[in-house]
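Scroll down for the structure; my scribbles are underneath it.
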There are 2 protein chains.
Amino acid sequence: MNLLFKALGDPTRRQIIELLRKKDMTAGEIADYFSISKPSISHHLDLLKQANVVLSIKEGQFITYSLNTTVFDEMVKWMLDLTDKQSKKTKPRK
Amino acid sequence: MNLLFKALGDPTRRQIIELLRKKDMTAGEIADYFSISKPSISHHLDLLKQANVVLSIKEGQFITYSLNTTVFDEMVKWMLDLTDKQSKKTKPRK
DNA sequence: AAAGTATTTAGACATTTGTCTAAATATCTA
DNA sequence: TAGATATTTAGACAAATGTCTAAATACTTT
């Protein structure tokens with residue numbers, strides 16, 4: 001989970017996630033939304049990919065990125081568990 | 001939300017959060033769980049406090065820390081919304 | 001009041017992170 | 001096959017981050 005939390009720690013990367021929520025986009029399309037260089041965006045995409053937050057497929061000379069929302073499941077669970085006073089220190093009752 | 005995401009980006013801070021989930025603890029008690037110095041733990045606690053993840057009250061010479069789980073609500077919402085394919089690009093229908 | 005305990009503040013330092021430009025790779029098109 | 005387009009890789013660099021030790025602050029106890 002560390003890569004995931006790290007990935008979400010940067011505002012630019014969260015914006016990328018929000019963009020991809022609306023629709024899949026190529027690296028170039030994504031970069032157009034930001035004022036930082038394409039290599040920087042490429043780097044952010046790489047980190048998101050390492051964290052398994054995005055998937056990419058190469059289509060000709062383009063690379064299309066999409067969100068992999070499944071990785072958030074565990075994280076949401078982690079956070080909801082924090083609020084679960086009932087099961088302090090106990091295993092969840094299946 | 002940036003301070004919150006940043007705060008969660010560090011493994012030590014997440015461990016602190018997990019400790020506080022079980023029970024409120026003083027700074028010293030928390031520090032005893034780690035092999036890093038007390039000033040470092042103090043610094044982590046400060047960041048968690050800035051992110052509003054923990055609350056602290058001074059009791060004599062001790063300072064007791066507790067979790068403020070309410071801050072996670074917005075974050076959970078953010079993540080759940082990412083998975084919500086239905087409302088792509090639309091405002092949530094109240 | 002002095003000494004001990006709990007915690008933070010200050011300042012230094014190495015590592016990590018986010019950014020950039022230049023160059024490399026891969027694909028498409030004329 | 002050249003030239004244009006899309007994207008990444010490489011390497012440099014400044015800023016942010018996590019850690020440390022030493023010192024300061026605050027409270028308690030003798």
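Naming convention: chains lettered A, B, ... in sequence-line order (proteins, then strands); numbering from 1 in each chain. Bear in mind the structure is a predicted one, so any value in this text is a computation, not a measurement.
In terms of phosphate contacts, B/Ser37 brings a side-chain nitrogen or oxygen within less than 4.0 Å of OP1 or OP2 of D/dC20. Taking side-chain N and O atoms only, A/Thr26 has a distance below 4.0 Å to OP1 or OP2 of D/dT7. Within the 4.0 Å cut-off from OP1 or OP2 of D/dT8, at least one side-chain nitrogen or oxygen of A/Tyr65 is found. At the phosphate of C/dT17, neither OP1 nor OP2 sits under 4.0 Å from any side-chain N or O atom of A/His44. Within the structure, every side-chain polar atom (N or O) of A/Ser40 is placed at least 4.0 Å from both OP1 and OP2 of C/dG18.
Sequence order on DNA chain D of the closest nucleotides to A/Ile63 and B/Thr12 puts A/Ile63 first from the 5' end. Residue whose closest nucleotide on DNA chain D sits further toward the 5' end, between B/Ile36 and A/Ile41: A/Ile41.
Taking the side chain as every heavy atom from C-beta outward, A/Glu59 and A/Thr26 never approach each other to under 4.5 Å. Within the 4.5 Å cutoff, side-chain heavy atoms of A/Met25 are placed close to those of A/Leu20. In this structure the side chain of A/Val53 reaches within 4.5 angstrom of the side chain of A/Phe72, judged on heavy atoms. Residues B/Leu19 and B/Phe34 meet the side-chain proximity criterion, which asks for heavy atoms closer than 4.5 Å. Looking only at side-chain heavy atoms (C-beta outward), A/Leu8 and A/Met75 come within less than 4.5 Å of each other.
Atom CG in A/Asp46 sits about 12 Å away from atom C1' in D/dT7, given to the nearest Å. Taking atom CG of residue A/Leu48 and atom P of nucleotide C/dT17, one finds them 14 Å apart after rounding to whole Å. Rounded to a whole Å, the CD atom of B/Glu29 is 17 Å from the P atom of C/dT5. At whole-Å resolution of the value, CD1 in A/Ile16 and P in D/dT7 are 13 Å apart. Separating the CG atom of A/Leu47 from the P atom of C/dT19 is a distance of 10 Å, rounded to the nearest angstrom. The distance between atom CG of A/Leu45 and atom P of C/dT19, rounded to the nearest whole Å, is 12 Å.
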Residues B/Lys77, B/Asp73; criterion salt bridge (charged side-chain N to carboxylate O under 4.0 Å, His left out); working and verdict: CA-CA 6 Å; B/Lys77 187 175 172 311; B/Asp73 294 352; over 6 Å; no
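Across all strands shown, B/Phe34 has no heavy atoms under 4.0 Å from either base or sugar-phosphate atoms.
Residues A/Ile41 and A/Ala27 approach most closely at CG2-O, 4.5 Å, considering heavy atoms. Summarising the geometry of A/Ala31 relative to A/Lys38, their closest heavy-atom pair is CB-CG, 3.8 Å, with the distance given to 0.1 Å.
Judged by distance alone, with hydrogens and angles left aside, the side-chain atoms of B/Asn68 form no donor-acceptor pair with the main-chain N or O of B/Leu55 at under 3.5 Å.
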Are there any protein N/O atoms within less than 3.5 Å of an N/O atom in nucleotides 26-28 of chain D, and if so, which ones and at what distance?
residue, atom, partner, partner atom, Å
D/dA26, O3', B/Lys58, NZ, 3.4
D/dC27, O3', B/Gln61, N, 3.4
D/dC27, O2, B/Gln61, NE2, 3.4

Would you tabulate the nitrogen or oxygen pairs shorter than 3.5 Å linking the protein to nucleotides 11-17 of chain D?
residue, atom, partner, partner atom, Å
D/dT17, OP1, B/Lys6, NZ, 3.2

